[in-house]
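Down below is the structure, laid out as structure tokens.
In what follows, residues are counted from 1 in the order of the sequence shown.
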Amino acid sequence: MAEAADFQGTSASPARRWLRRTGALLAGAPLLAGLLQLPAATPADAAGQESPQVASSAGSVSVAVDSLSPSAPSEGDTVTVSGTVTNNGKQTVTGAHVDLQVGPPLETRSAIDTLAKKSDDLQGPSGEKVGGKYTEKFPALTPGVAEPFSISVPADKLDLGDDGVYQLAVALSGKTSAQPWEQVLGIQRTFLPWQPEEAGTRTKTTFLWPLISSAHMAAETGSNEQQTPVFRDDELAEEIAPGGRLDQMVSLGKGLDVTWVVDPDLLASVDAMTGSYQVRTADGSTTPGKNQEIAKHWLAELQQAVTGEEVAALPFGDPDLASLAHNGTNVTGSLNHLKEATDAADETVDTILHVKPSTDFVWPVDGAVDPSIVKVATSAGADKVITRSDSLQDNLSYTPSAARPIGGGTTAVVADSRMSTAFQGDLTRASASTLAVQRFLAQSLTLGLQTGKQRSVVVAPQRMPSVNQAQAMAEALAALQGGNWSESQDLTAAAKAKPDPAANTKVPPASAYPPSLRKQELPRAAFEQIARTQRKLDKFKVILTRQSRVVTPFGRAMNREMSTSWRGRGVAAVGYRDGIESYLNGLIDGVKLIQKSETKLSGRSAMIPVTVQNNLVQGVERLKLRLTSQNPTRLKIGGDAYEEQPVTVNGGHAQSVKFTTSANANGQAKVVAQLYTEDGQRYGAPVAFDVRVTEVTPTVMLVIGGGVLLLVLAGFRMYTQRKRAAAREAAEDDTAEAGDDTDGARSQADAPQNPETSDARLEQETEAESRADGPEQPSDPAPDTAAESAGPSGTGERVDR
């Protein structure tokens, strides 16, 4: 009896029920011993009723409602409920049968939420059994075996009354060997919207159909003229391939009246796949992409699907507005990236889809807002913020229209949180999907029945629905658009609808922002890294002859670095940002100075060449090369401590720049070469090298020149003296032959001298003259510069003189 009472109510806790059951068993043990001697009573007599009991093994059979058609029946329709029953217990269930039970209408939206949470609870209300032939029987349910069922019943047999949402329960009853009486062993509840005739006032419903993906491209492109794009992976091809997530979003949305919400980055990425592209592999190499036809087909289908429909374009890359507001506004340049992303959206969508998108809307993550998010969201020009009713809450007994003026000319478009979250979670099982569809329709109908006034409702589902979630969304939306209580409306019209004067227009404070969402935000370090990358790009682009080849890919990559798709993927986000910055560093290092070894300067002046290497595909200009002497008293560059010269280098080439140097003294001087941009910013790493000065001084040159001159003069003097002496000797010989032989004494005195004696006299005269021209004492000063060594010069780089 205690057990039966527990199943009738829900007040007693499990622990308390266990204590009561144990006490009852102990107290009744003697009585039970006596009862065992009596004939067993029938279960009906023991229960005192003919209806099935709720057995202690309740829930041993699971009931799954895999389909309910039509989802929102009208008069004259036949409702078909199909699914499976599975015996999860250890005993075979006999005499099993599945019945439909219709409960009373659910009057409020919160009642629908409560029932959805207890859809398989045996203790909850189950309603009246339809009975009769509208049941399905099973001779036995074997443990572990799933058995299908399908029951069709005319709508008029369900005994539905006024318009509203009714509980429809599918219950399985049967017996087991341990408890051989009929009992409910499993149940599944769902919702049956009932609006057989067209409503007097239809709810205007806007359903956002998101086409958003994660970042699949970085900044890397090929070095060819076409700049072949390089993809980080080939996952996007899987999403747009037949049966893929994005393929299903397009094919399912094509037949629905929805507002397409598009990330321009997705369009740009797929468009890049239509031509030649490369895919980065796990080992770091690239392989040619092969999915051009898939990309072309997907874009063609999308272009057809959006024809005549409203397209709302998010900023390029779908930036995380909350992360930017909370962690990025104090980092210089962060808001500029949002403005650039907004500006790029219009052109991208128009160029690829050939439709003019609306760029007035922004969509924070899960529609959660606070004043800083609204401020950032509207800073780039958008004046409509898609939020959600669980963030901008109302204290009303009904659901007001979506549009709310929140000040500053900004409109909050408040999506309904119950309908927007109806398709989250795992919907891979057909039963979960069916329950989500029926719950969505139930919420919509109940909302419409709250008042007699027409209202505008917006549904903003999750950003990237799975295939199963998308299919459930499409099924629910098709039923809604074919029903009698709702009509479609685009997003722009919903934003312009007359606001409800009683609706809340106060944006919640920052303290109300969900902590679970705040934990997933991009940190301040992410925005600081983006700013650092931008500073490097700004310095780099000024030297390029074709800036767009670099500026555009990196600009779009930095937009992707701020994407909401990085939430919950912090490690991947860091890796993506590091990859972008590393690739830019590699490009910057492509323009550099060639290292130089020690240089010899063997003269008073010389030309020193410094080489600039450009490994980029395009040329560089507006660079200056400065060569600076660290010791200008010894070595001057261009007559001063440094000299600058303009630099222009074609792509894939090197250029040598020559500087004039002058030496004032021997020794070693350090020289530094540094590239600068035209605005005076350092570019790249400096190159330092030594210059060894081995200059010969002017004094040494004068002494050497004087010595050479003296030698020449001495040689000429000796030559003239020898010639004069020879002439004199010849004249004396002629005189001797003509003289009188008797004048012996005189002739002997006038005879010519001996040649040896004459030579000795000439040498004495020459020596005397030589002493007169040079230093006469050993103490006379020597030359002030030592003679240059005749040996080979040391190692080092020679310069052009």
Side-chain angles (χ1 to χ4, degrees), residues 65 68 70-73 103-119 160 162-169 188-195 199 201-209 256-258 366-367 386-394 396-402 413-425 427 431-462 465 469 472-489 494 500 503:
V65 178
L68 195 161
S71 299
L106 302 170
E107 301 293 342
T108 64
R109 302 186 71 188
S110 58
I112 296 174
D113 295 335
T114 301
L115 185 65
K117 294 177 182 179
K118 299 181 178 181
S119 62
L160 302 175
D162 296 334
D163 299 343
V165 176
Y166 292 83
Q167 170 189 289
L168 179 64
Q188 177 64 60
R189 298 176 181 84
T190 188
F191 308 97
L192 191 65
W194 178 247
Q195 179 75 45
T201 303
R202 286 178 172 241
T203 302
K204 293 184 177 181
T205 305
T206 301
F207 201 105
L208 306 187
W209 200 256
L256 302 173
D257 193 358
V258 296
D366 287 358
I386 302 172
T387 180
R388 215 166 64 184
S389 60
D390 52 354
S391 179
L392 197 63
Q393 299 181 7
D394 294 287
L396 300 173
S397 60
Y398 62 92
T399 302
S401 290
V413 182
V414 184
D416 186 77
S417 61
R418 286 185 170 98
M419 297 173 68
S420 297
T421 59
F423 304 102
Q424 295 181 358
L427 299 186
S431 58
S433 177
T434 299
L435 181 60
V437 170
Q438 297 305 125
R439 182 180 181 183
F440 173 85
L441 296 173
Q443 289 287 356
S444 176
L445 177 56
T446 305
L447 182 155
L449 294 174
Q450 289 174 340
T451 69
K453 296 181 179 180
Q454 188 175 56
R455 285 158 292 163
S456 295
V457 178
V458 174
V459 180
Q462 55 272 32
Q469 291 170 345
M473 287 163 49
E475 182 180 347
L477 193 53
L480 182 65
Q481 293 177 354
N484 296 324
W485 69 87
S486 175
E487 63 183 42
S488 300
Q489 180 178 237
D500 190 319

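Residues forming a salt bridge (Lys or Arg N to Asp or Glu O under 4.0 Å) with Arg439 (at least two apart in sequence, or on another chain): Asp113. By the side chain to side chain contact (heavy atoms under 4.5 Å, CB included) test, Thr108 is found to be paired with Ser110, Ala111, residues two or more places apart in sequence or in another chain being considered.
Interatomic distance, Leu396 CG to Asp500 CG, rounded to the nearest 0.5 Å: 6.5 Å. How far CD of Gln167 is from CD1 of Ile112: 11.5 Å, rounded to the nearest 0.5 Å. Atom CD of Gln462 and atom CD of Gln424 lie 5.0 Å apart (nearest 0.5 Å). Phe423 CZ to Leu477 CG: the interatomic distance, rounded to the nearest 0.5 Å, is 8.0 Å.
Side-chain contact between Gln438 and Ser71 is present, with at least one heavy-atom pair separated by less than 4.5 Å. Residues Pro400 and Asp394 form a side-chain contact, since some pair of their non-hydrogen atoms from C-beta on lies under 4.5 Å apart. Between Leu256 and Phe207, every side-chain heavy-atom pair lies at or beyond the 4.5 Å cut-off. With contacts defined as side-chain heavy-atom distances shorter than 4.5 Å, the pair Val459/Phe440 qualifies. For the pair Arg388/Asp366, a side-chain contact is recorded, criterion being any heavy-atom separation below 4.5 Å from C-beta on. Residues Pro461 and Leu208 are in side-chain contact: their nearest non-hydrogen atoms beyond the backbone lie under 4.5 Å apart. Annotation: side chain of Leu447 is in contact with side chain of Arg455 (closest heavy-atom distance under 4.5 Å). Inter-residue side-chain proximity for Trp485 and Leu449 is flagged as unmet; no heavy-atom pair is nearer than 4.5 Å.
Ser401 contributes a side-chain N or O that, together with a main-chain N or O of Ser456, makes up a donor-acceptor pair within less than 3.5 Å. The backbone N or O of Arg202 sits less than 3.5 Å from a side-chain atom of Gln454, completing a donor-acceptor pair. Using a distance-only test at 3.5 Å, with no hydrogens or angles considered, no donor-acceptor pair links the side chain of Thr206 to the main chain of Val458. Gln481 places a side-chain N or O within 3.5 Å of a backbone atom of Asp257 that can act as its donor or acceptor partner.
Between Ala422 and Ala436, the shortest heavy-atom distance links the atoms O-CB, 3.4 Å. Closest heavy-atom contact between Ala442 and Thr446: O-OG1, 2.8 Å. Taking both residues in full, the closest heavy atoms of Met419 and Gln443 are given as CG-CB, 4.1 Å, listed atom of the first, atom of the second, then distance. Leu427 and Ala472 make their closest contact through CD1-CB, 3.9 Å (heavy atoms, listed as atom of the first residue, atom of the second, distance). Nearest approach of Gly103 to Tyr166, heavy atoms of both residues: O-CD2, 3.4 Å. Here the closest non-hydrogen pair linking Ala460 and Ala415 is CB-CB, 3.8 Å.
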Inset, instruction - For side-chain contact (heavy atoms from CB on, under 4.5 Å), just list the numbers for Leu480 and Leu441, CA-CA rounded to whole Å, side-chain angles, deciding distance to a tenth of an Å, and then say yes or no. - result: CA-CA 7 Å; Leu480 182 65; Leu441 296 173; 4.0 Å; yes
Inset, instruction - Give the C-alpha distance, both sets of side-chain angles, the deciding distance and a yes or no for side-chain contact (heavy atoms from CB on, under 4.5 Å) between Asp162 and Trp194. - result: CA-CA 8 Å; Asp162 296 334; Trp194 178 247; over 6 Å; no
Inset, instruction - Begin with the C-alpha distance, continue with both residues' side-chain angles, and end with the deciding distance and a verdict on side-chain contact (heavy atoms from CB on, under 4.5 Å) for Thr399 and Ser389. - result: CA-CA 9 Å; Thr399 302; Ser389 60; over 6 Å; no
Inset, instruction - Could you give me the CA-CA distance, side-chain angles and deciding distance for Leu192 and Leu68, then say whether side-chain contact (heavy atoms from CB on, under 4.5 Å) is met? - result: CA-CA 9 Å; Leu192 191 65; Leu68 195 161; 3.8 Å; yes
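Looking at Ser431 and Gln188, their side chains never bring a donor and an acceptor atom within 3.5 Å of each other.
Salt-bridge annotation for Asp416 and Arg109: present, with a side-chain N of the basic residue lying under 4.0 Å from a carboxylate O of the acidic one.
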